[in-house]
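This is the structure I have questions about; it appears just below.
Read the numbers this way: they start at 1 and go in the same order the structure lists the ligands and their atoms. The figures here come from the full heavy-atom set of this structure, side chains too, leaving out hydrogens, waters and symmetry mates. If you read the sequence from its start, that first residue is 1, and numbering goes on from there.
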Amino acid sequence: MNQLLEEIYSTKSVKDMEGNSINPFPTATPYDIGIVLKNFIQKYNLERTLEVGMAYGLSTLFICQAHQDKGTGIHTAIDPMQNSMWKSIGLLNVKKANLADNLRFFESCSHEVLPQLLAKREKLDFAFIDGSHHFDYTLVDFFYIDKLLQVGGYVVFDDIWMPGVRKVVSYVLRNRDYELVKIDMKTSIWKGLAKSTKRFLQNPLEQDYGRIRFIFSNICVLRKISEDNRNWDYHRSF
Ligand SMILES: C[S@@+](CC[C@H](N)C(=O)[O-])C[C@H]1O[C@@H](n2cnc3c(N)ncnc32)[C@H](O)[C@@H]1O
């Protein structure tokens with residue numbers, strides 16, 4: 001594993017350009033989720049990856065490390081506040097970890113960058129959505145990512161504890177040809193049940209796609225089965 005990542009998680013701190021320590025949590029991706037992302041990309045040999053939301057760059061480090069370990073692959077990260085809010089620490093970390101060759105970075109909003117990638121006819125095998133967690137922004141991220149994603153590719157939604165994010169996942173599963181993918185992540189049954197209960201209590205009357213509430217992890221992985229082939233008037237409540 002990457003030495004910088006080990007250091008960040010053991011000390012629970014990242015350093016800015018002046019060497020000041022900052023606790024990256026709870027903004028940053030937890031270690032167990034980072035490992036799942038890295039292993040997943042390596043296991044399925046996913047070459048063209050993208051993430052919305054970089055912050056201190058912890059998910060970026062795991063994903064770029066996966067590419068470096070495979071020997072090929074390029075990761076695209078998008079974050080409009082890398083400098084203004086995160087003091088460019090994400091980019092600094094990638095450089096420190098010698099992973100800069102595996103990264104392409106855009107300092108803009110995802111709703112501005114993703115259409116540009118689409119116009120250039122780019123393609124993706126994997127995307128991690130961890131930017132703005134509002135329903136509308138998450139849906140727009142998915143909309144463009146779906147158009148960039150190859151059939152058989154994967155999209156991962158972070159923070160499904162948030163009702164707005166779950167609503168997007170629910171929309172996708174009810175209206176689009178995607179399937180839920182089981183991930184290898186050990187969570188105690190009690191912690192898992194506590195999460196499910198919380199999700200139910202957040203929104204008891206919502207008709208979330210039922211199974212999402214019972215995913216014990218905070219991420220949810222979907223696989224694209226086919227291109228969009230809905231009838232013009234197709235709609236299922238979500
Ligand atoms: C939870 S943090 C990401 C954490 C990061 N993935 C990690 O593992 O450390 C959410 C990020 O989304 C970014 N963000 C917010 N709105 C965005 C937008 N419209 N487009 C892209 N990124 C956005 C924020 O600047 C922030 O860095």
Note to self: What I want to know is whether W86 and ligand 1 share at least one N or O pair that is separated by under 3.5 angstrom.
What the structure shows: yes

Next item on the list: To the nearest 0.5 Å, tell me how far D159 CG sits from N218 CG.
Entry: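 Spacing of CG (D159) from CG (N218) equals 5.5 Å.
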
Next item on the list: Please report which non-hydrogen protein atom sits nearest to atom 21 (C) of ligand 1, along with the residue it belongs to and the distance in Å to one decimal place.
Entry: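 Of the protein heavy atoms, P80 CD, 3.3 Å lies nearest.
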
Next item on the list: Please work out which of the three classes, parallel, tilted or perpendicular, describes the rings of F142 and Y178, given edges at 30° and 60°.
Entry: perpendicular

Margin query: Could you check whether E227 pairs with K224 (Lys NZ or Arg NE/NH1/NH2 to Asp/Glu carboxylate O, under 4.0 Å)?
Written below: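 Result for this pair is yes, salt bridge flagged.
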
Next item on the list: Tell me which protein heavy atom sits closest to atom 27 (O) of ligand 1, plus the residue, atom name and distance to 0.1 Å.
Entry: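 Heavy-atom neighbour on the protein nearest atom 27 (O) of ligand 1: D79 OD2, 2.5 Å.
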
Check: Would you say Y137 has any N or O atom under 3.5 Å from an N or O of ligand 1, going by distance alone?
Finding: no

Margin query: Using modelled atom types and a 3.5 Å cut-off, is there a donor and acceptor pairing between side-chain atoms of N83 and backbone atoms of K87?
Written below: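 Flag not set: sc N83 to bb K87 has no pair under 3.5 Å.
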
Notebook entry, point to check: For ligand 1, which part of T27 has a heavy atom less than 4.0 Å away: the side chain, the backbone, both, or neither?
Noted result: both

Checklist line | ring-ring contact (aromatic ring centres under 6.0 Å, His included): pairs with one or both residues in residues 97-123, sequence neighbours excluded | finding: H111-Y137

Check: Got an N/O contact under 3.5 Å between A55 and ligand 1?
Finding: yes

Item checked: Close N or O approach (S110, ligand 1; < 3.5 Å) ->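 Indeed, backbone or side chain, S110 has an N or O that close.
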
Note to self: So, regarding T29 and ligand 1 (criterion: nitrogen or oxygen to nitrogen or oxygen, under 3.5 Å), is there a contact or not?
What the structure shows: yes

Check: Using heavy atoms and a threshold below 4.0 Å, how should the contact between M54 and ligand 1 be classified: side chain, backbone, both, or neither?
Finding: backbone

Check: How are the rings of Y31 and Y9 set to each other: parallel, tilted or perpendicular (split at 30° and 60°)?
Finding: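 Geometry flag for Y9 against Y31: perpendicular rings.
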
Check: How far is atom 9 (O) of ligand 1 from its nearest protein heavy atom, and which residue and atom name does that atom have?
Finding: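 The answer is A28 CA, 3.4 Å.
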
Next item on the list: For atom 12 (O) of ligand 1, grab the closest protein heavy atom and report residue, atom and distance to one decimal in Å.
Entry: G131 CA, 3.2 Å

Check: Judging by distance only, is a nitrogen or oxygen of M81 under 3.5 angstrom from one on ligand 1?
Finding: no

Check: Can the positive tip of K167 be found less than 6.0 Å from the middle of the six-membered ring of Y171, inside 45° of the ring normal?
Finding: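 The answer is no; the distance or angle limit is not met.
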
Checklist line | Protein residue, atom and distance nearest to atom 4 (C) of ligand 1, heavy-atom basis | finding: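 Checking every protein heavy atom, the shortest distance to atom 4 (C) of ligand 1 gives D130 OD2, 3.3 Å.
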
